[in-house]
Each structure stands twice: as structure tokens, then as C-alpha cells.
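Report on the structure given below.
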Amino acid sequence: MPNLEITTEQIIALVKQLPPADQQAVLSALNTVIEAPLIQPDAETQAWLEADLAGDLPPYECGAAGMPAGKPVTYVPGQGLVVEEGKTVG
């Protein structure tokens, strides 16, 4: 498709020349384009987006080495992750 160089003002001027029913059809078509997602997620991303993460999640499988050493953290709303000082994991 060739690249058309037309300004927004030119498009509006052309749409204004249309009968009201055709103006509504143009508006409806534009709304359809605007509401469509620009990027279609792949299957894995879509599965994550649709996953029910509100309930209990299964325990994380750390593998043969087990849980790595570190410090536990808790999430504090409005603050983020906070390291629980004095405690260690692993």
C-alpha cells in the first residue's frame, strides 16, 4: 500500500463533506481501529494475562539444589518489597 501523505485537518475536512450517516460510519470504523489492541500477545502471555492469581499458588519448584540462600521479603503496599532483617532462608 502506498504511503499517503494527508494531514488530520484534511481528513476532517473530507469527513465533514460526507452525509451524517456516512460520518457516523467513519467514526464507527475509527473506534473499531482504536479499540483493537496494537500488539497481539502470544499464547504464553495470553495465558498469564488470563490466569487466576487471586487464590493460593502452588509452591515454587526450586529444583534439585533446593531454595537458594537469601533473606525473605514481604510486600508492603505503597512501599514495595521490604527485606525481613534478622532472618535468612536456605
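Heavy atoms only: backbone and side chains are in, while hydrogens, waters and symmetry mates are out.
Rounding to the nearest 0.5 angstrom, the gap separating the OG1 atom in Thr74 from the CG atom in Leu81 is 8.0 Å. Put simply, CG on Leu27 and OG1 on Thr32 are 9.5 Å apart, with the number rounded to the nearest 0.5 Å. Atom CG of Leu30 is separated from atom CD of Glu35 by 11.0 Å, given to the nearest 0.5 angstrom. The OG1 atom of Thr45 lies 11.5 Å from the CD atom of Gln40; values are rounded to the nearest 0.5 Å.
The shortest heavy-atom contact between Leu18 and Val26 is CD1-CG2, 3.8 Å.
Qualifying side chain to side chain contact (heavy atoms under 4.5 Å, CB included) partners for Gln79, counting only residues two or more places apart in sequence or in other chains: Val76, Val82. Partners of Gln10 under the side chain to side chain donor-acceptor pair (under 3.5 Å) rule, at least two apart in sequence or in another chain, are Thr7.
With Glu84 contributing its side chain and Pro72 its backbone, the two residues share no donor-acceptor pair below 3.5 Å.
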Exercise answer: donor-acceptor pairs, residues 50-65 side-chain atoms, under 3.5 Å, sequence neighbours excluded:
{"unit_1": "Glu50", "atom_1": "OE2", "unit_2": "Gln46", "atom_2": "NE2", "d": "2.6"}
{"unit_1": "Asp52", "atom_1": "OD1", "unit_2": "Ala54", "atom_2": "N", "d": "3.2"}
{"unit_1": "Glu61", "atom_1": "OE2", "unit_2": "Gly63", "atom_2": "N", "d": "3.0"}

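Cluster membership check: Ile12 does not share its hydrophobic cluster with Leu14, using side-chain heavy-atom separations under 4.5 Å among Ile, Leu, Val, Met, Phe, Trp and Tyr.
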